[in-house]
Amino acid sequence: MEKGYIGKLYHMCEWVMRIAYLNILWLAFTLAGFVLFGLFPSTIAMYTVTRKWVQGNTDIKLFHLFWHTYRKELFKSQKIGLVLMAALLLFVLDYKFYMNQTSTALVYAKIIWFACVVLFGTFNLYFFPVYVHYQCKPLQYIKNVFLIAVMFPLHSFLLWCGALFILLFIYNFQGLSLFFSGSVLAFWITLVTHNVFSKINVKGAVQEGRSLTIGTQ
């Protein structure tokens, strides 16, 4: 019985170390690319690792896989990355504009802004898992992300709930952010989306749009 508990404790500690190490790699390589140019290849590398974990490949050479993916995506991911950063900047500027306005005529504009923020957030929750799981053309990624989100509203809701809980937890325990911020969030999102991908009939609704390429990365 004692050995069983010790084994479980060891297994748990092993996972804690894996997740912490992945988070440190994610932060380090993001900073190595001066944040703007390092964030997206580093995030894609992180999701590539969590995808392997969820698939049961826990004995992978973590640094080797992370570094290989980072190098491959360093330039490839910049286009979509800059588009997403520009969209985020636009939302921030709009927020500052609307929050400084008291006119009742802008109430509907604020509602539309909020709806767009939710859509943008949902897109980001699905984008990286879809990117590392499927091989698509750039515009097809966007189409497939929204299509999958609409097809699986319950999973989208779970993604939001889990993401908000993790972000709130990290906000209240900021000392843990060095070890358990991006990697914990990525692991949760990968768990949920992997279940989504397993439910998708590749010859059914998604494939009817001829957007998803069946081969996975």
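This is a predicted model, so every value here is computed, not measured.
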(message) I need the W15 CH2 to Y10 OH distance, nearest 0.5 Å.
(response) 13.0 Å

(request) Kindly give the heavy-atom pair with the smallest separation between C136 and N144, and that separation in Å. (result) SG-ND2, 3.6 Å

(message) Nearest 0.5 angstrom please: F187 CZ to M46 CE, how far?
(response) 12.5 Å

(request) Please report the closest heavy-atom contact between Q78 and L36, naming both atoms and the distance. (result) OE1-O, 4.0 Å

(request) State, to 0.1 Å, how close I44 and V132 come at their nearest heavy-atom pair, and which atoms those are. (result) O-CG1, 3.7 Å

(message) Can you confirm whether I80 sits close enough to F127 that some side-chain heavy atom of one is under 4.5 Å from a side-chain heavy atom of the other?
(response) yes

(request) Check the pair Y131, E73 against side chain to side chain donor-acceptor pair (under 3.5 Å), reporting the backbone distance first and the verdict last. (result) CA-CA 11 Å; Y131 186 90; E73 297 292 340; 2.6 Å; yes

(message) With rounding to the nearest 0.5 angstrom, report the OG1 to CZ distance, T190 to R51.
(response) 9.5 Å

(request) For residues W188 and V192, determine if any side-chain heavy atom of one lies less than 4.5 Å from a side-chain heavy atom of the other. (result) yes

(request) Establish whether L31 and I170 are linked, either directly or via other cluster members, by ILVMFWY side-chain heavy-atom contacts under 4.5 Å. (result) no

(message) With a 4.5 Å cut-off on side-chain heavy atoms, are L25 and L62 touching?
(response) yes

(message) Classify the ring geometry of F63 against F29: parallel below 30°, tilted from 30° to 60°, perpendicular beyond 60°.
(response) tilted

(message) Once rounded to the nearest 0.5 Å, what's the spacing between atom CG of L22 and atom OG of S183?
(response) 5.0 Å

(message) Please determine whether the number of non-hydrogen atoms from other residues, nucleotides or ligands lying under 6.0 Å from atom CG of L139 exceeds 12.
(response) no

(message) If you define the side chain from C-beta out and look only at heavy atoms, does anything of E14 sit under 4.5 Å from H11?
(response) yes

(message) Just so I know, are the side chains of V130 and T193 near enough to count as touching, which here means a heavy-atom distance under 4.5 Å?
(response) no

(request) Specify whether F173 and F169 have parallel, tilted or perpendicular ring planes, treating 30° as the upper limit for parallel and 60° as the lower limit for perpendicular. (result) tilted

(request) Assign the ring pair H133 / H194 to parallel, tilted or perpendicular, where the plane angle (0 to 90°) is split at 30° and 60°. (result) perpendicular

(message) Side-chain heavy atoms nearer than 4.5 Å, only ILVMFWY residues, links allowed to pass through others: does that put L164 and Y95 together?
(response) yes

(request) Group every Ile, Leu, Val, Met, Phe, Trp and Tyr by side-chain heavy-atom contacts under 4.5 Å, then state whether L185 and L178 land in the same group. (result) yes

(request) For F40 and L82, run side chain to side chain contact (heavy atoms under 4.5 Å, CB included): C-alpha distance rounded to whole Å, both residues' side-chain angles, the deciding distance at 0.1 Å, then the answer. (result) CA-CA 9 Å; F40 287 92; L82 291 175; over 6 Å; no

(request) Output the distance between atom CG (L119) and atom OG1 (T122), rounded to the nearest 0.5 Å. (result) 6.0 Å

(message) Is the shortest side-chain heavy-atom distance between Y47 and I189 below 4.5 Å?
(response) yes

(message) Ring-plane angle category for F91 and F120, please: parallel below 30°, perpendicular beyond 60°, tilted otherwise.
(response) tilted

(message) Let me check something: do W160 and I166 share a hydrophobic cluster, defined by ILVMFWY side-chain heavy atoms less than 4.5 Å apart, either directly or through other members?
(response) yes

(request) Mind running side chain to side chain contact (heavy atoms under 4.5 Å, CB included) on F180 and N23 for me, showing each step along the way? (result) CA-CA 6 Å; F180 308 106; N23 200 77; 5.9 Å; no

(request) Measure the CD1-SG distance between I6 and C13 for me, rounded to the nearest 0.5 Å. (result) 11.5 Å

(message) Side chains of F66 and T48, heavy atoms from C-beta outward: is any pair under 4.5 Å?
(response) no

(request) Search all heavy atoms of P41 against all heavy atoms of Y70 and return the closest pair with its distance. (result) C-CD1, 3.7 Å

(request) Begin with the C-alpha distance, continue with both residues' side-chain angles, and end with the deciding distance and a verdict on side chain to side chain contact (heavy atoms under 4.5 Å, CB included) for F146 and Y126. (result) CA-CA 8 Å; F146 284 116; Y126 276 103; over 6 Å; no

(message) As a quick check of understanding, evaluate side chain to side chain contact (heavy atoms under 4.5 Å, CB included) for Y134 and I200, giving each step before the final call.
(response) CA-CA 12 Å; Y134 294 107; I200 291 177; 3.9 Å; yes

(request) Return the minimal non-hydrogen interatomic distance between W53 and R18, and the atom names on each side. (result) CH2-O, 3.6 Å

(message) With clusters defined by side-chain heavy atoms of hydrophobic residues (ILVMFWY) lying less than 4.5 Å apart, directly or transitively, does L125 cluster with V117?
(response) yes

(request) Quick one: closest heavy-atom pair of L39 and M85, and the distance? (result) CD2-SD, 4.5 Å

